[in-house]
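First comes the structure, then the notes that go with it.
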Amino acid sequence: QVLLVESGGGSVQAGGSLRLSCTTSGYTDSITYMAWFRQAPGKEREGVAATNARGSWTVYADSVKGRFTISRDNAKNTMYLEMNNLKPVDTAIYYCAIKGDRSLVYDALKQSEYRYWGQGTQVTVSS
């Protein structure tokens, strides 16, 4: 059974920082894409950042470029999302996802590319 567990969410004031972690278990093949998504109340889930198998390539949504950094430590089966200069619009439930195979990726920020998902962690940014 593949499990993804997010942690690190919380409440911060605008301009603050948080670091999210996503630890995976039950999945032994690290050669796969991973990503962070988020869903704000009343909105569709959107891709925030993604990284390739070795963490050598990353992509970000325009709304978080320059503020968020995705990284992964395959030895620890963990992916991170460093979030700086947080804004109230960043308030959402953040989910991590793992592609789960080695097939081609056409859009790394698209939900349909990912097979396994975590339960999410709440991030709340107050003004």
Side-chain angles (χ1 to χ4, degrees):
Q1 181 181 5
V2 178
L3 290 176
L4 288 75
V5 180
E6 302 96 338
S7 61
S11 297
V12 295
Q13 290 191 327
S17 299
L18 284 173
R19 188 194 197 201
L20 305 184
S21 299
C22 171
T23 301
T24 65
S25 61
Y27 189 79
T28 58
D29 187 358
S30 63
I31 310 300
T32 186
Y33 278 64
M34 294 186 72
W36 288 97
F37 289 77
R38 68 185 181 185
Q39 188 166 18
K43 294 191 175 181
E44 300 268 328
R45 190 174 298 188
E46 63 173 352
V48 175
T51 181
N52 66 349
R54 303 196 186 282
S56 58
W57 176 88
T58 57
V59 64
Y60 296 91
D62 288 343
S63 59
V64 305
K65 280 180 183 176
R67 300 188 297 122
F68 290 12
T69 303
I70 187 172
S71 61
R72 63 191 292 175
D73 185 338
N74 289 338
K76 296 182 178 180
N77 296 323
T78 301
M79 176 178 65
Y80 306 96
L81 186 68
E82 186 76 35
M83 304 186 294
N84 297 314
N85 190 21
L86 282 160
K87 304 175 181 180
V89 294
D90 295 318
T91 295
I93 299 174
Y94 284 71
Y95 300 90
C96 65
I98 188 167
K99 182 169 174 60
D101 59 55
R102 301 189 184 190
S103 62
L104 287 175
V105 172
Y106 295 94
D107 183 348
L109 295 181
K110 191 173 181 180
Q111 292 187 64
S112 59
E113 295 277 7
Y114 299 90
R115 180 177 179 184
Y116 300 106
W117 293 79
Q119 294 300 306
T121 185
Q122 176 71 46
V123 171
T124 303
V125 185
S126 57
S127 57

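Positions are given from 1 along the sequence.
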Are V105 and Y95 connected into the same hydrophobic cluster when the rule is that any two of I, L, V, M, F, W, Y join if their side-chain heavy atoms are below 4.5 Å apart? yes
If hydrophobic clusters are built by linking Ile, Leu, Val, Met, Phe, Trp and Tyr wherever their side-chain heavy atoms come under 4.5 Å apart, do Y116 and Y80 end up in the same one?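 They do not share one cluster, since no chain of ILVMFWY contacts under 4.5 Å joins Y116 to Y80.
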Validation row: [X], [Y] side chains within 4.5 angstrom (heavy atoms):
X	Y	answer
Q13	L86	no
S63	R38	yes
Y33	W57	yes

Where S126 and P88 come nearest, the two heavy atoms and their spacing: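 For S126 versus P88, the nearest heavy atoms are C-CG, 4.4 Å.
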Looking only at non-hydrogen atoms, find the nearest pair between G47 and A61 and report the distance.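 So the minimum-distance heavy-atom pair works out to O-CB, 3.4 Å.
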In Å, rounded to the nearest 0.5 Å, how long is the span from [atom1] of [X] to [atom2] of [Y]?
X	Y	atom1	atom2	answer
L4	M79	CG	CE	7.5 Å
Y114	L109	OH	CG	6.5 Å
E82	I70	CD	CD1	12.5 Å
T78	D73	OG1	CG	6.5 Å
L81	Y94	CG	OH	7.5 Å
T51	M34	OG1	CE	9.0 Å

Given side chain to side chain contact (heavy atoms under 4.5 Å, CB included), test T91 with Q122 step by step and report yes or no. CA-CA 8 Å; T91 295; Q122 176 71 46; 4.0 Å; yes
Are T69 and Y60 close enough, and set up right, to give a side chain to side chain contact (heavy atoms under 4.5 Å, CB included), and what steps lead you there? CA-CA 8 Å; T69 303; Y60 296 91; 3.8 Å; yes
Side-chain ([X]) to main-chain ([Y]) donor-acceptor, under 3.5 angstrom:
X	Y	answer
T32	G100	yes
E6	Q119	yes
E113	A108	no

Taking the six-membered ring for Trp and the full ring for Phe, Tyr or His, determine whether the centres of W117 and F37 are under 6.0 Å apart. yes
Step by step, work out the side chain to side chain contact (heavy atoms under 4.5 Å, CB included) result for D101 and R115. CA-CA 9 Å; D101 59 55; R115 180 177 179 184; 5.7 Å; no
With sequence neighbours excluded, tell me which residues meet side-chain contact (heavy atoms from CB on, under 4.5 Å) with R67. V64, N85, K87, D90
If hydrophobic residues (ILVMFWY) are linked whenever their side-chain heavy atoms come closer than 4.5 Å, directly or via other members, who joins L3 in its cluster? none
Side chains of R72 and N74: any donor to acceptor distance under 3.5 Å?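 The answer is yes; a qualifying pair exists.
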